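All remarks here apply to the structure that follows.
Along the sequence shown, the residues carry numbers beginning at 1. None of the values given here were measured: they were computed from a predicted structure.
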Amino acid sequence: MRTFVRIIDEGGFASAARAMDVAPAAVTRALSDLEMHLGTRLIHRTTRRLALTEIGEQYLDRTRAILAEVASAEDLVSSAHNEPRGTLRVRVPAAFAIHQLAKHLPRFHAQFPLVTVEVCTLSAVEDVDEGHDLTILWRHRPLDGDFIARRLACTEVILCASPEYLDRHGRPDHPSELSAHMLLLPPSMNGRPNDLSFTSNMAGEDAQPCATWTVTPQARAPMSTINADLCYAGALSGLGICGLPSFVIEDAVFESALERVLPAWRMHEFTIWACMPTRKHVPARTRALLDFLLQTFGGDPRDPWLNHEVCTARV
């Protein structure tokens, strides 16, 4: 049953085998044995994709509930131990895992050496996954659903580029000057570039508090992608200017590999959440990681990655 659920969660036999650290043949055999035991097919196999049968969809829902109860029973027993232990499954956007989670995990491991953090990364995480102990995601809008959510921090989208690019093409002082630059943007849905909105972050006698400005980028761009790390790599290589969450560019800006563009103007920000399914018994290892993340990132409605002096707006 666990193998069946993992095949669906990972999107295939090979991916499930890698996640479970077993041979692909073992995954195939486990599903075949399960289907033979039940006397019905749960998954349609083709060379290109997998699809649940009608009974397979119903069985998946019941199986998730059963496995959750098994985990709850095990957690009830394991909570008697003073020290958290076991495997903790975390679903997290790749950019956050690479630029934040990975560099903080050594401290977590030092505190809880018997806990293994199994990280599932995706380019974007939109919803809470009941198959994971923790789901980390970020949103503009409030969260809605039957789960437990704790705010970790807020992250502001920062325009940045390499110093070499800015030396060649100039450093814009106003959003209106961006039309003359190479911008690395996500692809649009309607065939035209998405407008970029800015709010003045300036202070002083000549400033216009809360002044706003909208920029329509050129249709032609050197690269278009929703992958934050690809944009990050493009910016580092001098390909153009891109907007990235502050937690992605923190180290690069601190090390002067990237330079903040238009520091006197703000774009938008996201709230980063750590979510877990509603369960009767939350494992000690899950509570340990959640508390660790809250302590690390603050849990406040502010951006902890703008604390570095080089990231602060210079006006």
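With sequence neighbours left out, D229 forms a side chain to side chain donor-acceptor pair (under 3.5 Å) with H99. For the side chain to side chain donor-acceptor pair (under 3.5 Å) test, residues two or more places apart in sequence or in another chain that qualify with S176 are H174. In terms of the ring pair (Phe, Tyr, Trp, His ring centres under 6.0 Å) criterion, residue partners of F112 (sequence neighbours excluded) are, by chain and number, F108. With sequence neighbours excluded, no residue forms a ring pair (Phe, Tyr, Trp, His ring centres under 6.0 Å) with F13. Under the ring pair (Phe, Tyr, Trp, His ring centres under 6.0 Å) criterion, H109 pairs with no residue, sequence neighbours left out. Every residue two or more places apart in sequence or in another chain that forms a side chain to side chain contact (heavy atoms under 4.5 Å, CB included) with A257 is listed here: L236, A252. For the side chain to side chain donor-acceptor pair (under 3.5 Å) test, no residue two or more places apart in sequence or in another chain qualifies with R2. By the side chain to side chain donor-acceptor pair (under 3.5 Å) test, T296 is found to be paired with R107, residues two or more places apart in sequence or in another chain being considered.
Here E10 pairs with R89 in a salt bridge; the nearest charged N to carboxylate O distance falls below 4.0 Å.
For the side chain to side chain donor-acceptor pair (under 3.5 Å) condition, the pairs that include at least one residue of residues 34-44, sequence neighbours left out, are E35-R45. Counting only residues at least two apart or on different chains, the side chain to side chain donor-acceptor pair (under 3.5 Å) pairs with a member in residues 230-249 are T155-S246, S246-D303.
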Below 3.5 Å, can you tabulate the donor-acceptor pairs from side chains in residues 17-33 to any protein atom, sequence neighbours excluded?
residue, atom, partner, partner atom, Å
R18, NH2, S15, OG, 3.2
T28, OG1, P24, O, 3.2
S32, OG, T28, O, 3.0

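Clustering of Ile, Leu, Val, Met, Phe, Trp and Tyr by side-chain heavy atoms under 4.5 Å joins M223 with L184, L230, L239.
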